Amino acid sequence: MPSSETTAAPAGTVFDEQIDGLIADLQLVKQLRADPRFHESRPHAEAPEHLKSQNLTAGVLAGPGRLTVPPLIFSDPVSHELVGIFHLGKELCGHPGIVHGGLLATLLDEGLCRCAFPALPSKVGVTANLNLNYRAPAFADNFYILRANVTKQDGRKVWVKGHIETLASETSQDAVKCVEAEILVVEPKWAKALPKIVDTEITETTS
């Protein structure tokens, strides 16, 4: 099934139609949707409504001025590569106009873990170590790209590198890296007892 065939967002999902339309028009999104290697999803939108109030990014931080639309995630389950597209609003700042570094850390923690999950035996893991290097400010009310890929796997341990970058503009094709990260994700022995907010497994299909 081509990755461009997407599932409609569940009822009750917070959407900004204008922002969502701009995301759909991004050249990067068009390229990823045309690439059969990638599976497209919106895991934050797929979280059950009764659990969203207990989830930071799918619930508390979702909405106008914050995560204005559910992040768009593209995953390659073979190469263990992940690309996420976010719009970060003005209510996510640490300093006026600048996105809080802790919010960027949260997005990287979630994104890099999601990249690691398919490489783990049970597809479930927890963060054991997260290292961050902040490179440039992330200005609010803009689009950002998260890129991640698995660099090493050893049984129940998976290492992932990634970063959040700005969206390349028409005047400058070079994206600016705002934060770089490395994470170690470990599948705990009690992994099967962890409740799943969304299904982390990716079902491979053929076109």
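Since we're looking at a predicted model, the values are computed, not measured. Numbering of residues begins at 1 and proceeds along the displayed sequence.
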In short, Ser75 meets Pro77 closest at the heavy-atom pair O-CD, 3.6 Å

Residues at least two apart in sequence or cross-chain that pass side-chain hydrogen bond (donor to acceptor under 3.5 Å, both in side chains) with Ser79, listed by chain then number, are Asp76

Output for pair (Cys178 SG, Leu88 CG), nearest 0.5 Å, gives 9.5 Å

Residues at least two apart in sequence or cross-chain that pass side-chain hydrogen bond (donor to acceptor under 3.5 Å, both in side chains) with Thr127, listed by chain then number, are Asp109

Rounding to 0.5 Å, atoms CG (Leu61) and CG (Asn55) come to a distance of 9.0 Å

side-chain contact (heavy atoms from CB on, under 4.5 Å) filter on Ala128, not counting sequence neighbours, yields Leu184, Val186

What pairs of donor and acceptor atoms, side-chain ones from residues 132-142 against any protein atom, are under 3.5 angstrom apart with sequence neighbours left out?
{"from": "Tyr134", "atom 1": "OH", "to": "Gly101", "atom 2": "O", "distance (Å)": "2.7"}
{"from": "Arg135", "atom 1": "NE", "to": "Glu180", "atom 2": "OE1", "distance (Å)": "3.0"}
{"from": "Arg135", "atom 1": "NH2", "to": "Glu180", "atom 2": "OE1", "distance (Å)": "3.1"}
{"from": "Asp141", "atom 1": "OD1", "to": "His87", "atom 2": "NE2", "distance (Å)": "3.4"}
{"from": "Asn142", "atom 1": "ND2", "to": "Phe139", "atom 2": "O", "distance (Å)": "3.1"}
{"from": "Asn142", "atom 1": "ND2", "to": "Ala140", "atom 2": "O", "distance (Å)": "3.1"}

CG of Leu28 to CZ of Phe74, rounded to nearest 0.5 Å, is 7.5 Å

Between the CG atom in Leu103 and the CG atom in Leu108, the distance rounded to the nearest 0.5 Å is 10.0 Å

So the salt bridge (charged side-chain N to carboxylate O under 4.0 Å, His left out) pairs with at least one residue in residues 151-160 (sequence neighbours excluded) are none

Sequence neighbours excluded, the answer for side-chain contact (heavy atoms from CB on, under 4.5 Å) partners of Glu17 is none

Distance col, row Leu22:CG vs Leu26:CG, nearest 0.5 angstrom, shows 7.5 Å

Worksheet item: Do Pro64 and Asp16 come within less than 4.5 Å of each other through their side chains, counting heavy atoms only?
Response: no

Looking only at heavy atoms, the pair that brings Val158 and Ala119 closest together is CG2-CB, 4.0 Å

Residue pairs meeting side chain to side chain donor-acceptor pair (under 3.5 Å), one or both in residues 56-65, sequence neighbours left out, come to His44-Thr57, Thr57-Glu110

In terms of heavy-atom contacts, Pro70 and Arg42 come closest through O-NE, 2.8 Å

For Ile73 and Pro43 the tightest heavy-atom approach is CG1-CD, 3.7 Å

Across all chains, not counting sequence neighbours, the side-chain hydrogen bond (donor to acceptor under 3.5 Å, both in side chains) partners of Asn129 are Asn131

Fill in: Cluster link Trp159 to Val124, ILVMFWY, side chain under 4.5 Å
no

I'd like a table of donor-acceptor pairs (distance under 3.5 Å, sequence neighbours excluded) in which one partner is a side-chain atom from residues 160-167, with atom names and distances.
{"from": "His163", "atom 1": "NE2", "to": "Glu165", "atom 2": "OE1", "distance (Å)": "2.8"}
{"from": "Glu165", "atom 1": "OE2", "to": "Arg147", "atom 2": "NE", "distance (Å)": "3.0"}
{"from": "Thr166", "atom 1": "OG1", "to": "Val176", "atom 2": "N", "distance (Å)": "2.8"}

Return yes when atom CD of Gln27 has more than 12 non-hydrogen atoms of other residues, nucleotides or ligands closer than 6.0 Å, and no otherwise.
yes

Separation between CG (Leu67) and CZ (Phe86), nearest 0.5 Å, reads 7.5 Å

Residue set satisfying salt bridge (Lys or Arg N to Asp or Glu O under 4.0 Å) with Glu91, at least two apart, ordered chain then number -> Arg66

| Can you tell if the side chain of Arg33 reaches within under 4.5 Å of the side chain of Leu72, non-hydrogen atoms only? | yes

